[in-house]
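Just below is one structure, and these are the notes that go with it.
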Amino acid sequence: MLSLPLASTPASAGVAGTPGSPGAGDPYFPTQGNGGYDTQHYDLALDYNPSSNALQGAATITSRATQDLSAFNLDLVDTLTVRSVTVNGAAAAFTQSGSELTVTAALAPGQTFTTVVRYDGKPTHVLDPDGSRDGWIRTSDGVYNANEPQGAMTWYPGNHHMTDKATYRFSVTVPDTRVAVANGDLTSRSSGGGRTTYVWDARQPMASYLTTVSIGKFELTDTTLGGYRTITAVDPKLAGQATGFAARHAPVLDYFSSLFGPYPFSSTGGIVDHEPNVGYALETQTRPIYPRVPSENLLAHELAHQWFGDSVTPERWQDIWLNEGFATYAEWLWADRRGVRTVQAAFDAAYAVPAGDAFWQTPPADPGGPADLFHDPVYDRGAMTLHALRAKVGDTAFFAILKGWASTYRYGNASTADLLALSEQISGAQLDTLFDAWLFQPGKPAL
Ligand code: TRP
Ligand code: ZN
């Protein structure tokens, strides 16, 4: 078969229409995501060998063209080799360059199309601008798979900006000695020839930075607790410390449901890995991943993200405080509920940082750039912003704003400007000065 020249054919040669943009236009990560189409569903079939790190993938992606296309891009690092691409069943020409996979296809605006990408290789994580690792992070027995902000492109092709949410199915085949855990609901498990295939369905829309396929020697539990299907995976090294881990979810979710509205997803749970070299947990949708057994604060933080970050997702990375400020505030709420510390005391402790401290120089809604996404002011000053809003509008309006935010933008994306508009609409107060001082101006806001 004369397939060799395909990969070097100019991607849009001889095809009518306009190539889709290679990025979604996010200033912090300009090549992340792609323009010209909108993705609805990913079906990822993965086969992984932990000892050799060999991954084989087949990604079946259902999308809709939003313009007349001659070609479109997917994000996938070129350490993985694409073997073939089909669009609506027909072989398509493609090129790989850096993290852009460009596929030639003539598509009409509004047309739904199915892309199948077959690829393989030895995935590796990426280094983020802040120096942390993200993506396919190998552990002693598998993979710690955390993809915020840009790791998804290290293991599957996709439209990897947070504005293009989709549903997912993951079918992951690993040796019988390992477990593959992903987002959503475990729908089947089948073994043969020394290998086991786990199928996970994530039925509610998800941004790709919230996906995970984590692999290891896990103890898997799947039970319904307090009405929530709770699926946990715990590294056996931590089993002793993790006693009761599954049962810790329902009380937090019940409390947050009473404040934020119904839990948005069809299952919950968590992945507790033993990964001392990764410093962070992540709110992977339905099933956060933790590098150790989480404290009650950390558990509450990641579960609050299910409403704030996962169901309601920012439109751009600069607005990350909408995730981290809300999740930090939820930690304060849960600590108050448990009688550990009042929200007011948490605010006072955070506000006590002296005005001259560098902390106050970073406004949470304008943290500076992609290296500053997860800096303290995004979390703590973000949470303080919510408390300042609460003090200004009163408890009734404030909790109506939190519920309204979760319901209005459920499964979607929203911006800081949307929060201001909703807060003013619900409270009837004028809040632009408060938002500006707390979120956009350097310096310690006055009370
Ligand atoms: N979103 C995570 C949390 O707060 C934190 C996180 C994700 C992070 N990626 C990171 C922190 C990289 C530091 C570096 O739950
Ligand atoms: Zn967080």
Side-chain angles (χ1 to χ4, degrees), residues 26 28-29 32 125-137 143-155 160-162 183 206-212 214 249 252 256 260 268-273 275-314 316-335 346 350 362 364-365 367-386 402 405-406:
D26 193 308
Y28 281 22
F29 295 98
Q32 186 178 66
H125 59 267
V126 281
L127 264 195
D128 292 330
D130 67 1
S132 53
R133 293 182 291 164
D134 150 47
W136 197 263
I137 303 168
V143 185
Y144 187 92
N145 185 217
N147 298 296
E148 185 186 33
Q150 49 175 355
M153 66 181 177
T154 69
W155 59 284
H160 290 319
H161 190 258
M162 52 172 77
N183 314 88
M206 173 160 62
S208 73
Y209 81 88
L210 297 167
T211 59
T212 190
S214 288
H249 290 70
V252 183
F256 287 169
F260 312 147
T268 183
I271 304 163
V272 178
D273 207 347
E275 183 35 85
N277 303 315
V278 176
Y280 64 90
L282 183 63
E283 63 269 26
T284 40
Q285 192 157 302
T286 66
R287 193 152 298 108
I289 180 161
Y290 305 94
R292 58 185 177 277
V293 179
S295 67
E296 205 58 17
N297 276 342
L298 185 59
L299 180 75
H301 182 103
E302 305 309 340
L303 292 181
H305 271 311
Q306 303 304 309
W307 283 263
F308 306 118
D310 295 14
S311 174
V312 182
T313 306
R316 53 175 189 168
W317 287 107
Q318 188 183 323
D319 273 340
I320 191 71
W321 86 274
L322 292 169
N323 293 5
E324 304 307 345
F326 278 66
T328 303
Y329 198 68
E331 286 180 56
W332 296 0
L333 289 164
W334 182 237
T362 301
D372 311 305
L373 284 176
F374 303 112
H375 284 181
D376 289 350
V378 170
Y379 289 72
D380 297 341
R381 186 166 161 179
M384 281 189 271
T385 300
L386 292 175
L402 294 188
W405 184 244

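Just follow the structure's listing: the first ligand is 1, and inside any ligand the first atom is 1. Computed from a prediction, not measured in an experiment: that's the story for all the values here.
Close approach of ligand 1 to E324 is summarised as follows: ligand atoms under 4.0 Å from at least one heavy atom of the residue are 1 (N), 2 (C), 3 (C), 4 (O). Close approach of ligand 1 to D130 (heavy-atom distance below 4.0 Å) involves ligand atoms 14 (C). Taking a cut-off of under 4.0 Å to the non-hydrogen atoms of A281, the atoms of ligand 1 that pass are 2 (C), 3 (C), 5 (C), 15 (O). Of all atoms in ligand 1, listed by their number and element, those nearer than 4.0 Å to a heavy atom of E283 are 1 (N), 2 (C), 3 (C), 15 (O).
At a heavy-atom cutoff of 4.0 Å, ligand 1 is contacted by no atom of N323, backbone or side chain. If you look at A327 next to ligand 1, there are no close heavy atoms at all, none under 4.0 Å.
Between Y280 and Y144, the ring planes lie perpendicular to each other; the angle is over 60°, past the 30° to 60° tilted range. Ring orientation note: the planes of W307 and F260 are nearly perpendicular, at an angle over 60° on the 30°/60° scale.
Coordination check, E302 versus the Zn ion (ligand 2): failed, since every N/O/S atom of the residue sits at 2.8 Å or beyond.
Within E324, the N, O or S atom lying nearest to the Zn ion (ligand 2) carries the name OE1.
Annotation: angle subtended at the Zn ion (ligand 2) by H301 NE2 and H305 NE2 is 100°, to 10°.
Counted by atom type alone, H160 and Q32 present zero donor-acceptor pairs between their side chains at under 3.5 Å.
One N or O on the side chain of N183 and one on the backbone of L210 form a donor-acceptor pair closer than 3.5 Å. The main-chain N or O of G135 is found under 3.5 Å from a side-chain atom of N145 such that the two form a donor-acceptor pair. Counting only distance, with no hydrogens or angles, the side chain of D134 and the backbone of E148 share a donor-acceptor pair below 3.5 Å. A donor-acceptor pair is defined here as one N or O able to donate and one able to accept, closer than 3.5 Å; such a pair exists between the side chain of D26 and the backbone of W317.
Protein heavy atom at the shortest distance from atom 5 (C) of ligand 1 is Y379 OH, 3.3 Å. Remark: minimum distance from atom 12 (C) of ligand 1 to any protein heavy atom is reached at S132 OG, 3.3 Å. Distance from atom 7 (C) of ligand 1 to its nearest protein heavy atom, with residue and atom name: E148 OE1, 3.1 Å. In this structure, atom 15 (O) of ligand 1 lies nearest to the protein heavy atom E302 OE2, 2.7 Å.
Each of F256, Y329, F326 was evaluated against F308; a single residue qualifies, F326, per the side-chain contact (heavy atoms from CB on, under 4.5 Å) test.
To the nearest 0.5 Å, the span separating CZ on R287 from CD on E302 amounts to 14.0 Å.
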